[in-house]
Amino acid sequence: MARVRAATDIVALIGEHAALKRQGRRFVGLCPFHQEKSPSFSVNAEEGLYYCFGCQRSGDAISFVRDVEHVDFVEAVRRLADRSGITITEDAAVTAERQKRNPLYDAMSDAVDFYHQRLLAAADGGPARDYLRSRGYDGDVVRAFKLGWAPSGWDALCRHLKVSDRVLTDSGLGFVNRRGRRQDAFRGRVIFPIFDPSGKAIALGGRILPPGAGVLSAASDGPKYKNSQDGPIYAKRRTLYGLNWAKSDIVGSGEVIVCEGYTDVIAFFGVGLRRAVATCGTALGEEHFRVLGNFAKRVVLAYDADAAGQAGATRVYEWERHHSVDVAVAALPAGADPADLARTDPEALRRAVADAQPFLRFRIDRVLDAADLRTNEGRAKAAEAALEVVAGHPDALVRDQYLMGVADRCRLEATSLRRLLDELVRRGPRDSSTGDPATRGRPATNGQSHDQRLAGPGAPAATNGERSGRRGPAGHDGDAQRAGLEALRLLVHRPESVAGRLHPFLFGDERHRAAFVALSRAGSLHEAIGAAEEESPDVAILLRRLAVEEPAADADDVVVQLVWIASRRALAGLESEVRLSPGSLAELAPVTARVSRDVQELEDRERASAASQRLVAWLVERGEENA
Ligand SMILES: [Zn+2]
């Protein structure tokens with residue numbers, strides 16, 4: 001387990017699900033576990049730990065895989081071991097699961113290579129090569145996207161793969177026909193391999209050659225495009241073709257272009273927009289947005305105009321809200337797909353993306369463009385139709401802005417349109433899920449508080465100067481908290497700086513004390529977390545949070561401050577002892593005087609260290625007496 005954790009590059013692992021940027025010694029990004037607009041998710045690469053200041057999720061590589069891929073602990077360990085090429089001893093259940101999936105990945109990868117080689121070199125791949133060349137695909141494109149050629153015969157791949165019937169069927173690469181013969185699923189097709197975000201082949205898309213391209217038509221039967229069926233390693237509803245190649249550009253630009261097909265993705269790459277992805281034979285849906293929302297905040301739909309206009313508005317607004325993304329539409333000329341445009345007018349394709357309009361604006365424009373705005377009657381009708389569209393948007397402020405635009409274009413009074421719009425909104429959308437305007441707006445994360453916490457994870461404990469005099473009892477708890485946390489950060493990140501100078505009684509907060517004890521007993525941060533996990537999960541979470549925070553204060557200052565706070569607390573205890581039994585005054589007065597003097601000397605840089613040592617000795621002694 002520890003070996004698997006140590007061998008895993010947690011930044012690369014998490015980077016497959018969320019965009020991370022280096023910030024000092026940490027990596028930060030938008031949390032893959034909750035919706036947010038400003039990053040509160042932090043990763044400590046060296047320790048292999050993450051912590052979210054927004055939702056407080058925390059853990060290591062194993063818990064990350066468990067939560068993101070919804071698998072159990074054992075399966076998570078196995079997948080990580082796979083990634084890093086470690087062999088682990090497994091129980092029977094794990095072995096069974098491994099035996100099910102791994103051969104599927106292997107077979108798929110083998111098939112991709114097989115088809116790719118056929119396209120590059122085999123004699124029967126000639127017509128496919130000619131066809132691709134005619135579409136402007138040179139050898140570089142073929143290699144970059146690992147395109148392939150599935151020969152027309154019945155079982156060329158089956159014979160090459162030599163896998164079990166089960167693997168053949170589960171991978172979607174072939175099937176057993178009614179006469180019990182094994183048969184290839186893809187025949188006489190150009191192959192577009194589909195990869196997961198990490199670059200593992202998981203499925204295939206295949207396109208038949210156009211008639212007359214020199215391939216027996218009987219072999220390339222069925223629809224123009226054909227895709228692998230869902231199976232143990234492939235789910236259409238969350239797969240995006242091209243994401244493995246587009247990932248870094250998407251993260252860098254904050255924008256992802258979603259188009260309809262494999263060739264569109266390749267076309268966008270061809271004109272330098274290396275951030276395009278496509279759904280795989282299914283409509284863009286909730287799970288795709290969950291994936292996209294982790295990488296980019298702006299989603300540009302590059303469909304042909306009719307298809308974009310028909311995208312379910314209600315669902316688009318829902319996605320925008322749930323995943324904190326903005327959906328825009330790149331208006332392509334009607335009937336033109338990106339692949340055509342890339343060939344005929346690449347500049348127009350780039351411009352369409354640069355000029356992409358917000359989804360609502362695009363829909364309103366379509367209504368108004370189709371209307372007759374030359375007559376009064378025409379403008380009134382157009383305004384009403386446009387307001388129907390506006391009324392579907394869940395945010396009142398957004399609606400009002402667009403209403404002004406409609407009023408302008410239709411040369412009508414905004415006030416009278418407002419009455420009509422209110423009525424349309426009241427009448428309600430046909431779909432209940434957009435209804436309540438109040439549900440629209442800022443996502444329900446406590447955004448402000450994480451920003452603050454992010455700004456100050458290592459907020460320095462008060463400096464020596466601030467410590468003098470101004471501290472009232474009110475600020476006391478907060479200071480003790482801050483100093484305690486800072487001391488723990490030092491202990492995690494620079495243990496040598498506080499070695500031997502910290503003691504349990506210096507931590508007023510119970511959770512801080514438990515974290516200190518766990519850290520001092522354990523040989524490593526991970527051991528401490530492991531130990532804490534059993535007894536108090538709260539402490540384990542605190543330790544993971546400390547791992548992603550960096551200490552900002554000087555160790556001497558922090559120790560002195562902790563001693564100051566603990567001594568003051570002890571002094572107050574002494575004073576109340578005296579009040580309770582005045583007879584003890586004679587005995588305690590010298591102690592109180594001495595301790596008070598030492599506490600004062602803590603303010604003096606020259607004498608602070610010696611005073612601090614005396615006070616610690618006294619606190620230890622007192623702790624032993626009281627124990
Ligand atoms: Zn979170």
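When a ligand or atom number is given, it counts from 1 through the structure's own listing order.
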(message) Checking the side chain of K236 only, and the main-chain atoms of G281 only, is there a donor and an acceptor separated by less than 3.5 Å?
(response) no

(request) Using only heavy-atom distances, determine whether the side chains of Q481 and D509 contain a donor-acceptor pair under 3.5 Å. (result) yes

(request) Show all protein N/O/S atoms under 2.8 Å from the Zn ion (ligand 1), or state that there are none. (result) C31 SG, H34 ND1, C52 SG, C55 SG

(message) Between E486 and R482, does any NZ, NE, NH1 or NH2 come within less than 4.0 Å of an OD or OE carboxylate oxygen?
(response) no

(request) Mind telling me whether W319 and F289 have parallel, tilted or perpendicular rings, with 30° and 60° as the class edges? (result) parallel

(request) Scan side-chain atoms only and decide if S198 and D196 contain a donor-acceptor pair under the 3.5 Å cut-off. (result) yes

(message) Just checking F192 against F145, ring centres under 6.0 Å apart?
(response) no

